[in-house]
Trainee: 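Starting off with a structure, shown below.
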Amino acid sequence: LTTEIDRLTAELAEKDRVREQDARANMARIEQIESETRALLERKMADVQESAEQAMKEMQEATREAEDTLKREIDKADQARAAQAELEEGLRREEEVERRMQQRIEELEAQVDGLRALQRARGDADGGEGN
């Protein structure tokens with residue numbers, strides 16, 4: 001009986017030792033998997049951060065280009081407005097000159113009419129004296 005108890009105790013001790021060894025091996029494997037997972041996660045996070053930084057740089061560059069384009073278009077619009085204002089001013093001056101010329105023509109025509117009337121009156125007066 002004692003021999004049987006000793007044998008069973010030895011078997012149990014061996015099973016406990018094997019279980020403990022398996023548990024240590026499993027813990028070591030878990031730690032290795034955790035370490036590999038952590039390293040992989042860190043690499044992925046670094047890749048994501050690098051991609052995000054690159055995307056940010058590209059977005060900033062695109063924004064700068066859009067701002068430059070907008071500034072150029074605003075400058076063109078300002079130049080076009082200035083040119084239009086100059087044309088309108090030139091047209092206004094031209095209309096003013098044309099109005100003055102028309103006024104002068106009317107004055108001259110009135111003078112010519114006056115001179116013709118005077119000439120007719122003289123002719124009538126000269127013609128009446130000759131009869």
Side-chain angles (χ1 to χ4, degrees):
L1 185 61
T2 306
T3 318
E4 186 65 22
I5 291 174
D6 289 342
R7 187 184 62 78
L8 288 175
T9 302
E11 278 183 30
L12 284 174
E14 180 61 23
K15 284 183 182 179
D16 282 345
R17 187 186 66 71
V18 169
R19 261 190 244 124
E20 196 174 304
Q21 193 176 23
D22 287 348
R24 278 194 294 273
N26 285 341
M27 284 301 291
R29 182 70 181 129
I30 288 170
E31 288 173 1
Q32 180 185 359
I33 290 172
E34 286 176 346
S35 176
E36 290 172 359
T37 301
R38 214 175 358 264
L40 181 61
L41 182 60
E42 287 171 1
R43 281 195 304 272
K44 286 292 183 187
M45 287 179 69
D47 289 347
V48 167
Q49 183 174 354
E50 185 179 327
S51 294
E53 288 172 357
Q54 182 63 31
M56 182 65 86
K57 286 177 185 175
E58 290 172 3
M59 199 165 67
Q60 288 171 342
E61 180 62 27
T63 300
R64 274 193 293 278
E65 289 175 5
E67 287 172 348
D68 290 347
T69 299
L70 181 59
K71 286 176 186 174
R72 284 192 301 273
E73 292 302 317
I74 289 171
D75 288 346
K76 286 180 187 176
D78 289 345
Q79 290 172 356
R81 279 192 290 278
Q84 182 177 357
E86 286 179 27
L87 288 172
E88 288 172 354
E89 179 60 22
L91 181 59
R92 186 194 61 75
R93 280 184 291 204
E94 189 175 307
E95 288 172 347
E96 179 63 23
V97 167
E98 190 176 311
R99 185 189 61 75
R100 283 189 208 148
M101 287 174 61
Q102 184 62 37
Q103 187 177 13
R104 183 67 180 139
I105 288 170
E106 290 170 3
E107 289 171 1
L108 291 172
E109 285 176 344
Q111 286 178 0
V112 166
D113 288 344
L115 289 172
R116 284 186 183 148
L118 185 60
Q119 192 176 26
R120 273 194 307 271
R122 279 190 185 161
D124 288 346
D126 288 342
E129 289 177 11
N131 279 343

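The structure presented is a predicted model; accordingly, all values stated were derived computationally and were not measured.
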Trainee: Would the number of heavy atoms belonging to other residues, nucleotides or ligands and lying under 6.0 Å from CD of Glu50 be above 12?
Mentor: no
Trainee: Quick check on side chain to side chain contact (heavy atoms under 4.5 Å, CB included): which of Glu98, Glu96, Arg104 does Arg100 satisfy it with?
Mentor: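 Of Glu98, Glu96, Arg104, side chain to side chain contact (heavy atoms under 4.5 Å, CB included) with Arg100 is met by Glu96 alone.
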Trainee: Calculate, to the nearest 0.5 Å, the distance between atoms CG and CD belonging to Asp47 and Glu42 respectively.
Mentor: 12.0 Å
Trainee: Suppose the criterion is salt bridge (charged side-chain N to carboxylate O under 4.0 Å, His left out): which pairs have a residue in residues 19-37, not counting sequence neighbours?
Mentor: Asp16-Arg19, Glu20-Arg24
Trainee: List the residues meeting side-chain contact (heavy atoms from CB on, under 4.5 Å) with Gln103, not counting sequence neighbours, and say none if there are none.
Mentor: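 Only Arg99, Glu107 meet the side-chain contact (heavy atoms from CB on, under 4.5 Å) criterion with Gln103.
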Trainee: Could you tell me which residues satisfy side-chain contact (heavy atoms from CB on, under 4.5 Å) with Ile74, sequence neighbours excluded, listed by chain and number?
Mentor: Leu70, Asp78
Trainee: Does any part of the side chain of Leu108, heavy atoms only, come nearer than 4.5 Å to the side chain of Gln111, both counted from C-beta?
Mentor: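 Heavy-atom side-chain distance check passes, below 4.5 Å.
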Trainee: Partners of Lys76 by salt bridge (Lys or Arg N to Asp or Glu O under 4.0 Å), sequence neighbours excluded?
Mentor: Glu73
Trainee: Looking at residues at least two apart in the chain, or sitting in another chain, which of them share a side-chain hydrogen bond (donor to acceptor under 3.5 Å, both in side chains) with Gln119?
Mentor: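 Once residues adjacent in sequence are excluded, Gln119 has no partner under the side-chain hydrogen bond (donor to acceptor under 3.5 Å, both in side chains) criterion.
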Trainee: Applying salt bridge (charged side-chain N to carboxylate O under 4.0 Å, His left out), which residue pairs with at least one partner in residues 54-66 are found, sequence neighbours left out?
Mentor: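 Those involving residues 54-66 are Glu61-Arg64.
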Trainee: Could I get the full list of side-chain hydrogen bond (donor to acceptor under 3.5 Å, both in side chains) partners for Glu86, not counting sequence neighbours?
Mentor: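 Once residues adjacent in sequence are excluded, Glu86 has no partner under the side-chain hydrogen bond (donor to acceptor under 3.5 Å, both in side chains) criterion.
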Trainee: Which residues satisfy the salt bridge (Lys or Arg N to Asp or Glu O under 4.0 Å) test with Glu14, sequence neighbours excluded?
Mentor: Arg17
Trainee: If you count every heavy atom of other residues, nucleotides or ligands that lies below 6.0 Å from Gln49 atom CD, does the total exceed 12?
Mentor: no
Trainee: Atom CD in Glu95, atom CG in Leu91: separation rounded to 0.5 Å?
Mentor: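 Interatomic distance, Glu95 CD to Leu91 CG, rounded to 0.5 Å: 4.0 Å.
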Trainee: What's the separation between atom CD1 in Ile33 and atom CG in Leu40, rounded to the nearest 0.5 Å?
Mentor: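 So the CD1 of Ile33 and the CG of Leu40 are separated by 12.5 Å.
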Trainee: To the nearest 0.5 Å, how far apart are OG1 in Thr37 and CG in Leu41?
Mentor: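 Output value for this atom pair is 8.5 Å.
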Trainee: If the condition is side-chain hydrogen bond (donor to acceptor under 3.5 Å, both in side chains), which residues does Glu11 pass it with, not counting sequence neighbours?
Mentor: Arg7
Trainee: Pairing donors with acceptors under 3.5 angstrom, does anything connect the side chains of Gln84 and Glu88?
Mentor: yes
Trainee: Name all residues meeting the salt bridge (Lys or Arg N to Asp or Glu O under 4.0 Å) criterion together with Glu94; count only those two or more places apart in sequence or in a different chain, and write none if there are none.
Mentor: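 For Glu94 there are no salt bridge (Lys or Arg N to Asp or Glu O under 4.0 Å) partners, ignoring immediate neighbours.
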Trainee: With sequence neighbours left out, what residues match Arg38 under salt bridge (Lys or Arg N to Asp or Glu O under 4.0 Å)?
Mentor: none
Trainee: Report the residues that fulfil side-chain contact (heavy atoms from CB on, under 4.5 Å) with Leu87, sequence neighbours left out, ordered by chain and then residue number.
Mentor: none
Trainee: Can you tell me how far apart NZ (Lys15) and CG (Leu12) are? Round to the nearest 0.5 Å.
Mentor: 6.5 Å
